[in-house]
Amino acid sequence: MATVFMKWLESRPLDYDRGIRLLTLGRLELLQAQIVDRLIRDGMRVLEIGCGTGRLAIAMAEKGAQVTAIDISPTMLTEAERRVNQFELEERINLKLMDASLIGDRFEAGYFDLVVSSLVFSEMTPQMRILVLQECLRLLVPDGKLAIIDETLPDNHATRLIFGAIRLPLRLLTWLLTRTTTHHLRDFASMLSNAGFSEEIVISRLGGSLQLVIASPADGAGIYILPATVLGRLRHRTTLRTLLLDLWATFLRILPPYPKVTPGLYVVGQPDMDSPVLVTGNFELTVRRLVREIDNRIDAWVLVVDSAGINVWCAAGGGFFTAEKVIGALRVSGLEGIVRHRALILPQLCANGVDGWRIQQEIDWDVHWGPVRAEDIPEYVVSGRVKTDAMRWAKFPLKDRLEMVTVTLGFYGLLILLPVAVFWRNMLWPVLVSLVGLSYFYAVVLPWLPGRDGLAKSFSLTLISLAGLLVYIVIWDSLPGQYIFNWVLGLTALSVFTAAELQGMSPLMRGEQANWGWEAVIGAVLGLIYWLIPYTLGWR
Amino acid sequence: MLPKKATMRSLLMEHWELARTLRRLQIHFDSDRCRGVWQCYEVCPIGNWTPDYDRMVAIFRNGKQCIACGACVLQCPEKAIELRIPDG
C-alpha cells in the first residue's frame, strides 16, 4: 500500500523516506536490512534499480559493496547525491539518471553480483517488467542474485479483501493529487521464473502485501520469451469468478450461452520446443478442468479450438469441433515454427467428429488420441504417450452421476416444479422431495438396475418408487384412493423422466434422442389415464 | 411466431425417425478390409474393439454396449466400419 503515495512523495524527496517508513510501518527498512545482512559482501558489485534518496545504496556501500544506483527522478537523485556526499561514499556509489528498461544497453553483461530494487517493479507495465527482468539476468554473473522488495497482492482471500479496502481510498487520493495510479505485483513468482530466475527466499510482511524476494539465475536458464502468438499462460486458480462459474455449471450447465475461452494458443507451465501440444475445445469449464489437472504437473502448449463453447464430445458430435477447425487453429497458432515435433494430442472423446486422418494428410501432423479424462494426461504425457485401457474407457462413476443429476435437476427440476408451485402449491414439497429423492437414488443405483438404456432402467425405477409409495401407505398414512391414483401416475412419470434424462448425460448410453419416441408415448398414455379413469369412476 | 401445424408435425416426425434410427444403429465391420491400424481401438470409449496382433486385424467384441458415437467409423482409414440399421 506504500507505493500509492509514492508518486506524490517523489516530488518531495525530503519527506520521501519518512513517508515510506510510515506507510510501510517501518517494514520496508527491515526488509532492506535483510538484503544488507544476507547478501552484501565486501567488494561485490551491486546494481540498484530505483535508488530514490539512496538509503539502501548507502547501507550497502557502508558494508563494502560497490554500488551503481539508478533512478528516473532527477530530484530524487539530487537528494541521494547530497546524502552520499554526507556519508563520504562517493568512491563506492555511482549515481546515474537512467530508465530501468535501458540497463541492458548501458552495462556489460555479467558485470553485477547483485541487482536490488525496492518498490519499483510494481510501478512498471507488465511488458517492462519482463524486459527488465530479462536484462537483469543478462547483467548478473552466473551465481549472482536478484533481490526485489515490492508490493504484492496477498494470496489469502481475506487479507486480499482488507488490502483492497485500505488501498481504495489511498488510490483515489493519489489519483486526485497526482493523476497517476500504481499497481501491485500479481503473480510475480511466475514472471520471475519466466524470465529465467528461480526463487530462493521469500520474506513476507504486512500480511503478505510487502515481500522481499531473493532469486538467482535458474540452472541452464536461457531467456524464456513466450512466442508472439501465445495468448497467455493458463493457471489453476480459484477466484470469485471461477466459484460463480462452478455454481452456474452445477445447476444450469445445459443452458446457453456457454461461457467461452478465447480460442488460440496458450501455455501451461514453461513449454519448450519439445513439449507436447494438447488440443481442446473452448468451453470454459473444459479448459479450466484441463488446466486444473495439468498445471504444475507438466509443461505444455494448449491449443484451444473454437468449439462454440461446447464440451469436446458434444461439440464433435454436433459438428462444432472438426478437423477443419483444428487445422485452422494450428495455422493461426504458428506452432509449426515453435515446436520441432509434429504431434498433436487430441481428446479421445472428440474422435466422433474430428477426422484424424484428414489432419495428418492435409498438414502432416500426427494425431494422437489422448486419455478420456484430463486427470490421466500428466501420466500419459510423462510415459511417452502410453495409453492404458483404463485411460481409454469412459466410465460413469458415482461422482459424475451425482454431478450430472444435479445438472439435470437444476434446469428440468425447475421446469417441473414451477408449474407445480403455481398451480398446486400444496403439492410443492411432496413433489420436490420425490423428484430430488428419486433422481439421486437413481444416480446411486444406476449401474445395478437392469437394462441397457434409460428407458429400460426407468421400468425398475418405477417399480421401486411405487414400492416406496406402498410402504408409505402401509406404515404412515392410508391415503384416499384418488390420492393413491395421482401418486402412482406422478411417480411413474417422474421415474421415466428421471431415467430418460440422465441417459443423455451418460457416456455409456446412446444419446438422449434414442428413446424420445417412447417417452412421448408413455407420457401420452399416462396423461390419458389421468383424465379418463377419474371420469369413468365418477371422481370428476 | 409458432411454426405452422404441418411444419411442427414434420419436425416431430423427423425427431421420431432420428430417435428410432439412433436406437437401432449397429456396427457393421468388414474385417477383410482391416489392416490393423487399430484407430478404432484407440478411440472407442466403451472398449468394444481389441487389437489382434497376430492376424493384424481388429476384433469387434460387444455390439450391445455400443453407444453408436461413430468415432471408429470416422477414424478407420480403410472405411471398414459402418453404422447401419440392420436389415429386417
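Since the structure is predicted, the reported quantities are computational estimates derived from the model, not experimental observations. Here is the naming used below: chain letters follow the sequence lines, and residue numbers restart at 1 for every chain.
With a 4.5 angstrom heavy-atom cutoff, B/Cys44 touches chain A only via backbone atoms. If you measure heavy-atom distances from A/Arg392 to chain B, the contacts under 4.5 Å come from both the backbone and the side chain. Contact of A/Trp313 with chain B is made through the side chain alone, with heavy-atom distances under 4.5 Å. Residue contact with chain B, scored on non-hydrogen atoms closer than 4.5 Å, is absent for A/Val367.
Side chains of A/Lys387 and A/His368 form no contact here, defined as non-hydrogen atoms less than 4.5 Å apart. A 4.5 Å side-chain heavy-atom check between A/Leu335 and A/Trp301 finds at least one atom pair inside the cut-off. Contact of the A/Asn352 side chain with the B/Leu74 side chain is not registered, since no non-hydrogen atoms from C-beta on lie closer than 4.5 Å. With contacts defined as side-chain heavy-atom distances shorter than 4.5 Å, the pair A/Ser495/A/Tyr442 does not qualify. Counting only heavy atoms from C-beta outward, the side chains of B/Leu18 and B/Glu14 never approach each other to under 4.5 Å. Inter-residue side-chain proximity for A/Thr388 and A/Tyr380 is flagged as unmet; no heavy-atom pair is nearer than 4.5 Å. Side-chain atoms of A/Met509 and A/Leu446, non-hydrogen and from C-beta on, do get closer than 4.5 Å to each other.
Chain A is approached within less than 4.5 Å, heavy atom to heavy atom, by B/Val37, B/Gln39, B/Tyr41, B/Glu42, B/Val43 from residues 28-43 of chain B, ordered by number. When the heavy atoms of residues 314-329 of chain A are compared with those of chain B, none of the residues falls under 4.5 Å.
Looking at A/Asn311 and A/Thr286, their side chains never bring a donor and an acceptor atom within 3.5 Å of each other.
Taking the charged nitrogens against the carboxylate oxygens, A/Lys395 and A/Asp400 have no contact shorter than 4.0 Å, which rules out a salt bridge. A salt bridge does not link A/Arg373 to A/Asp376: none of the charged side-chain nitrogens sits closer than 4.0 Å to a carboxylate oxygen. The residues A/Arg331 and A/Glu362 are annotated as not salt-bridged, no charged nitrogen and carboxylate oxygen being separated by less than 4.0 angstrom.
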